[in-house]
Every structure is written in C-alpha cells, then in structure tokens.
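Throughout, a chain's letter reflects where its sequence line sits, starting with A, and its residues are numbered from 1.
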Amino acid sequence: MEKVIGSVNYHFFSTPSHVPDECYTAYDPFFLHQPDYGGINTLFVSGLPDDVKAREIHNLFRRRPGFDSCQLKYTGRGNQVVAFATFVNHQSALAALHSLNGVQFDPQTGSVLHIEMARSNSRRKRKPGSGAYVVIDNRNKAVGDAQESSGDDSGESEADEAPGDEGDLKIPKGEAVDNPETAVPTENAEKTIDDVSQDTVDGVSRCSTLFIANLGPNCTDDELKQVLSPYSGFKAVKVRARGGMPVAFADFEGIEQATQVMDALQGSWLGSSDRGGMHIEYARSKMRKS
DNA sequence: AGCACA
C-alpha cells in the first residue's frame with residue numbers, strides 16, 4: 001500500500017490545540033472513551049430506503065477497492081433497513097466510507113447514505129463460491145427466525161452493531177410486514193442490459209472504455225498494454241500526456257469486461273507509478289474506433 | 001481531480 005520512506009510521523013502524538021496537555025496521560029480519558037476504529041474493516045450504512053435490495057447494496061460497494069462482502073439487514077424495528085459492508089482492511093473500508101458517505105442513494109425519495117465505521121467487524125467470512133451478499137431478516141422475530149440467502153448458509157448470525165444509539169424510530173403503525181421471502185435477493189429481471197457500450201448503475205454511468213488517472217509521469221502505452229492485454233475483451237489503450245500528468249483510456253469489448261479490469265486493477269501500481277496506484281473510472285465516452 | 005480520439 002502506501003510506503004513511507006525515511007520519515008516518521010512525529011505529529012502522531014501531538015496534542016490537539018483545543019485540549020489541555022494535562023489531559024494526555026497514558027490513561028487519557030479522551031482516548032479511553034474513543035472507540036478505536038483502527039481494526040475495523042466493516043462499514044455501517046444507514047439512510048437506506050426501506051425497499052432497498054441487497055443487490056443494490058452489493059452494486060454500491062462491489063467495485064470499491066478491497067471490497068469483500070456485504071449484508072442487508074432488516075432490523076425488525078419498523079421497516080428500518082441497514083447494511084454492512086466488509087472490506088479486506090481498515091484502509092479500504094475508510095476509503096469507501098469517504099467516497100460514498102452523503103451521496104444520494106435514491107433521487108426519488110431523496111434518501112442520502114449515512115456511512116460510518118461499524119462498531120464491530122462482520123464475522124461472517126465469505127466462503128469461496130458463496131454469494132458476496134447476504135440478507136438478514138429480523139422483521140418477524142416473533143416467529144423467531146432470521147433469514148439469509150445467496151448460497152451462504154454458515155449458520156452464523158451477524159456480528160455488527162450500529163454505531164450510534166439509533167434514537168430515531170420510524171415505526172410505521174400497522175406496518176403490514178410482508179412476506180419474509182423478500183429476504184432473497186430478488187432479481188427483478190427487467191434489466192438485463194449489460195454489454196452494450198453504456199448504461200448506468202446506481203447513478204454511475206458505465207462505459208466499456210475506462211479512464212485511468214494517477215499515472216506516473218513516465219507511464220507509456222506499452223507498459224499499460226502489458227498489464228491490460230491479459231484481460232479478456234481488451235481492445236486498446238492510449239496514453240495522453242496533456243501537458244500535466246498522463247491519463248489513459250483503455251477500451252474493451254463490453255462493459256462487463258471493462259468492469260472486471262477496473263475491479264482487478266483499481267489502486268494497483270505500475271512500474272512507473274510514483275504518487276500512488278492507478279485510479280480507474282469509466283470513461284465519459286467510448287473510445288472511437290480506428 | 002485529472003476524460004481524448006473522431
């Protein structure tokens with residue numbers, strides 16, 4: 001990941017100016033009462049519309065670097081739905097948090113995502129071959145069962161707790177809890193477009209051409225071609241120097257192939273990289289042919 | 001935060 005050479009961060013233990021020095025003892029109450037999020041790699045997501053689908057949560061997080069798995073949870077409190085997204089480490093969880101917190105999730109209802117570090121990690125480990133997302137349904141706790149789906153049936157229940165003390169109850173009266181079968185990630189199968197050259201998922205417009213930024217000053221077409229050509233569907237790559245730092249465009253047969261490469265290579269370093277790994281997005285328009 | 005080629 002990041003490498004820091006020959007420099008030590010001496011500011012680490014420095015005192016925030018608004019707090020008197022004498023507060024900083026080994027047993028400092030400030031630190032003692034502050035949750036330590038350092039080991040947390042799970043995000044807690046609230047602000048979701050109550051008709052959210054696990055698949056939507058999955059689509060929201062799946063392309064974030066370091067994503068592992070996620071789960072949607074019907075809390076059983078009214079129609080409240082929350083989600084947990086687990087990443088390979090704290091860094092990638094934080095990065096996803098920062099990039100998605102506060103974004104409009106549903107323009108229709110105006111619901112805005114509120115994302116924080118979870119209080120504890122999801123202990124559910126993703127088994128190979130199992131789905132990357134799961135649903136936990138506590139809505140009919142009276143009947144006494146939680147449900148999950150997506151082929152994972154490691155009978156574990158979820159580990160996470162919401163961070164804040166969720167004071168907000170939106171308990172609709174006469175809530176008419178519908179069938180628990182909604183626990184299954186229902187593919188509403190009305191939208192199966194995927195390998196056209198452009199479509200949009202969760203508000204992001206996908207494209208079978210990728211835009212690659214954060215390249216080192218010496219990056220070349222050849223270097224990128226080395227890295228990209230093994231992937232299926234790869235067609236072409238062009239580096240543009242454009243005065244400043246180079247950027248590149250990589251074209252693929254279809255959106256799915258472009259997406260796979262984005263997933264695989266997001267954040268990775270090239271030999272020529274100097275200021276961090278590649279930043280890959282869908283291009284705004286498809287590469288012209290020739 | 002940075003998106004060209006035709």
Please report the distance, rounded to the nearest Å, between [atom1] in [X] and [atom2] in [N].
X: A:Phe249; N: B:dA6; atom1: CZ; atom2: C1'; value: 13 Å
X: A:Asp251; N: B:dA6; atom1: CG; atom2: C1'; value: 13 Å
X: A:Asp221; N: B:dC5; atom1: CG; atom2: C1'; value: 13 Å
X: A:Arg275; N: B:dA1; atom1: CZ; atom2: C1'; value: 12 Å
X: A:Lys286; N: B:dA4; atom1: NZ; atom2: C1'; value: 14 Å
X: A:Arg284; N: B:dC3; atom1: CZ; atom2: P; value: 6 Å
X: A:Met287; N: B:dC3; atom1: CE; atom2: C1'; value: 11 Å
X: A:Leu224; N: B:dC3; atom1: CG; atom2: C1'; value: 15 Å

Exercise for the section: Go through the steps for A:Asn138 and A:Tyr74 under the test side chain to side chain contact (heavy atoms under 4.5 Å, CB included), then give the verdict. Expected result: CA-CA 6 Å; A:Asn138 286 345; A:Tyr74 298 95; 5.6 Å; no

Problem - For A:Asn59, the option from A:Arg55, A:Glu56, A:Arg62 that meets side chain to side chain donor-acceptor pair (under 3.5 Å) - result: A:Arg62

Exercise for the section: Determine the contact category for A:Met245: base if any of its heavy atoms lies under 4.0 Å from a base atom, sugar-phosphate if only primed atoms, P, OP1 or OP2 are that close, otherwise nothing. Expected result: nothing

Practice task
Classify the nucleic acid contact of A:Lys289 as base, sugar-phosphate or nothing, counting any heavy atom under 4.0 Å across all strands shown.
Solution key: nothing

Problem - Any N/O donor-acceptor pair, A:Arg240 side-chain to B:dA4 base, under 3.5 Å - result: no

Practice task
Report yes or no: is there a donor-acceptor pair, N or O only, under 3.5 Å between the side chain of A:Ser285 and the base of B:dC5?
Solution key: yes

Practice task
Determine, step by step, whether A:Phe211 and A:Phe249 satisfy the ring-ring contact (aromatic ring centres under 6.0 Å, His included) criterion, reporting the C-alpha distance in whole Å, the side-chain angles of both residues, the deciding distance to 0.1 Å, and the verdict.
Solution key: CA-CA 5 Å; A:Phe211 170 72; A:Phe249 296 87; 5.5 Å; yes

Handout entry: Polar side-chain atom of A:Lys53 near backbone of A:Asp51 as donor-acceptor pair, under 3.5 Å
Key = yes

Problem - Nearest-nucleotide pick for A:Ala283, side chain only, options being B:dA1, B:dA6, B:dC3 - result: B:dC3

Problem - A:Lys225, A:Lys286, A:Arg288 screened by salt bridge (charged side-chain N to carboxylate O under 4.0 Å, His left out) with A:Asp251, the one that passes - result: A:Lys286

Handout entry: Face-to-face contact A:Phe211 to B:dG2 six-ring, under 5.5 Å, under 30°
Key = no

